[in-house]
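Working notes, beginning with the structure itself.
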Amino acid sequence: MTDSRRGLILINTGPGKGKTTAAMGTALRAVGNGMKVLMLQFLKGSWHYGELDAVQAFGENFILKQMGRGFVKVGGAEADPEDIRLVQEAWAEARKAIGSGEWNMVILDEINYAISYGMLDAAEVAEVLRGRPEMVHVILTGRNAHPLLVEMADTVTEMREVKHAYEKGILAQRGIEY
Ligand code: ATP
Ligand code: MG
């Protein structure tokens with residue numbers, strides 16, 4: 001056991017609900033400790049989530065940005081070049097933010113999806129995480145976290161779905177899903 005302060009890598013993955021919202025809970029905890037948090041949302045962009053408005057209350061201490069356009073085709077089809085471009089743009093901003101020393105915590109929301117869809121190289125992400133300034137915490141969310149990143153992370157949580165309202169035909173609810 002050591003009590004020295006250091007930056008951690010956290011991953012919230014798995015099929016159950018709660019990956020993104022757990023990252024936001026951690027962000028809230030960090031901001032309450034006077035830390036600065038940047039959350040970049042890969043792929044997201046079409047829905048207006050409540051948190052986009054809520055974080056405004058924290059001003060420059062908690063910045064949340066949607067970096068995608070919200071709808072990405074999955075399955076057999078090749079990824080749309082426009083989505084790949086947006087992912088690469090989000091990644092460029094992410095790596096700059098991680099290295100800048102300006103943020104105590106950087107959250108890469110849904111980055112695991114972007115990697116698992118082949119839109120972003122896991123080895124490149126690992127390299128940037130490995131070379132980051134010592135005190136920066138990074139949280140990666142999304143299903144199917146890449147084994148390379150799971151291996152290097154300090155804390156990995158897999159959300160397990162016990163049940164989800166959607167299975168009963170209950171559609172996304174305000175305040176719960178968005
Ligand atoms: P949240 O943003 O609520 O923390 P999440 O990040 O764990 O969820 P994602 O995989 O990013 O989940 O999916 C986003 C949306 O899909 C959420 O609105 C969530 O309620 C919904 N969702 C998550 N898991 C399931 C599931 N197992 N079945 C149906 N819908 C789901
Ligand atoms: Mg999510």
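Both backbone and side-chain heavy atoms feed into the values below; hydrogens, waters and symmetry mates do not. Ligands are counted one by one from 1 in listed order, and the atoms in each one are counted from 1 as well.
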For this session: Would you check if there is a donor-acceptor pair between the side chains of W47 and Q66 at a distance under 3.5 Å?
Result: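 No, no side-chain donor-acceptor contact under 3.5 Å.
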Problem set entry | Polar side chain donor-acceptor pair, D109 to T141, under 3.5 angstrom |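 Checked: D109/T141 side chains pair up, N/O donor to acceptor below 3.5 Å.
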Considering non-hydrogen atoms of the protein only, which is the closest contact for [atom], and what is the distance?
{"atom": "atom 2 (O) of ligand 1", "answer": "T20 CB, 3.3 Å"}
{"atom": "atom 24 (N) of ligand 1", "answer": "R143 NH2, 3.4 Å"}
{"atom": "atom 4 (O) of ligand 1", "answer": "T21 OG1, 2.7 Å"}
{"atom": "atom 8 (O) of ligand 1", "answer": "G18 N, 3.6 Å"}
{"atom": "atom 12 (O) of ligand 1", "answer": "K19 NZ, 3.5 Å"}
{"atom": "atom 3 (O) of ligand 1", "answer": "K17 NZ, 2.3 Å"}
{"atom": "atom 11 (O) of ligand 1", "answer": "E110 OE2, 2.9 Å"}
{"atom": "atom 28 (N) of ligand 1", "answer": "H164 CG, 3.6 Å"}

Should [X] be counted as touching ligand 1, given the test is an N or O pair under 3.5 Å?
{"X": "A22", "answer": "no"}
{"X": "Y113", "answer": "yes"}
{"X": "E161", "answer": "yes"}

Problem set entry | Test side-chain contact (heavy atoms from CB on, under 4.5 Å) applied to F62 and L38, step by step | CA-CA 6 Å; F62 190 173; L38 175 67; over 6 Å; no
Exercise. Are any N, O or S atoms from T20 nearer to the Mg ion (ligand 2) than 2.8 Å?
Worked result: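 T20 does place an N, O or S atom closer than 2.8 Å to the Mg ion (ligand 2).
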For this session: Determine, counting only non-hydrogen atoms of the protein, whether one lies under 4.0 angstrom from atom 15 (C) of ligand 1.
Result: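 Protein heavy atoms within 4.0 Å of atom 15 (C) of ligand 1 - there are none.
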For this session: Please step through salt bridge (charged side-chain N to carboxylate O under 4.0 Å, His left out) for the pair E82 and R85, ending with a clear verdict.
Result: CA-CA 5 Å; E82 176 61 6; R85 192 186 67 75; 3.0 Å; yes
Going by the order shown, which atoms of ligand 1 are within less than 4.0 Å of some heavy atom of [X]?
{"X": "E177", "value": "17 (C), 18 (O), 19 (C), 20 (O)"}
{"X": "P15", "value": "24 (N), 27 (N)"}
{"X": "G16", "value": "7 (O)"}

Problem set entry | Nearest atoms (heavy-atom pairs only) where R6 meets H137 |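 Heavy atoms of R6 and H137 come nearest at O-CE1, 3.2 Å.
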For this session: Check E110 and report its N/O/S atom nearest to the Mg ion (ligand 2), by atom name.
Result: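 Of all N, O or S atoms in E110, the Mg ion (ligand 2) lies closest to OE2.
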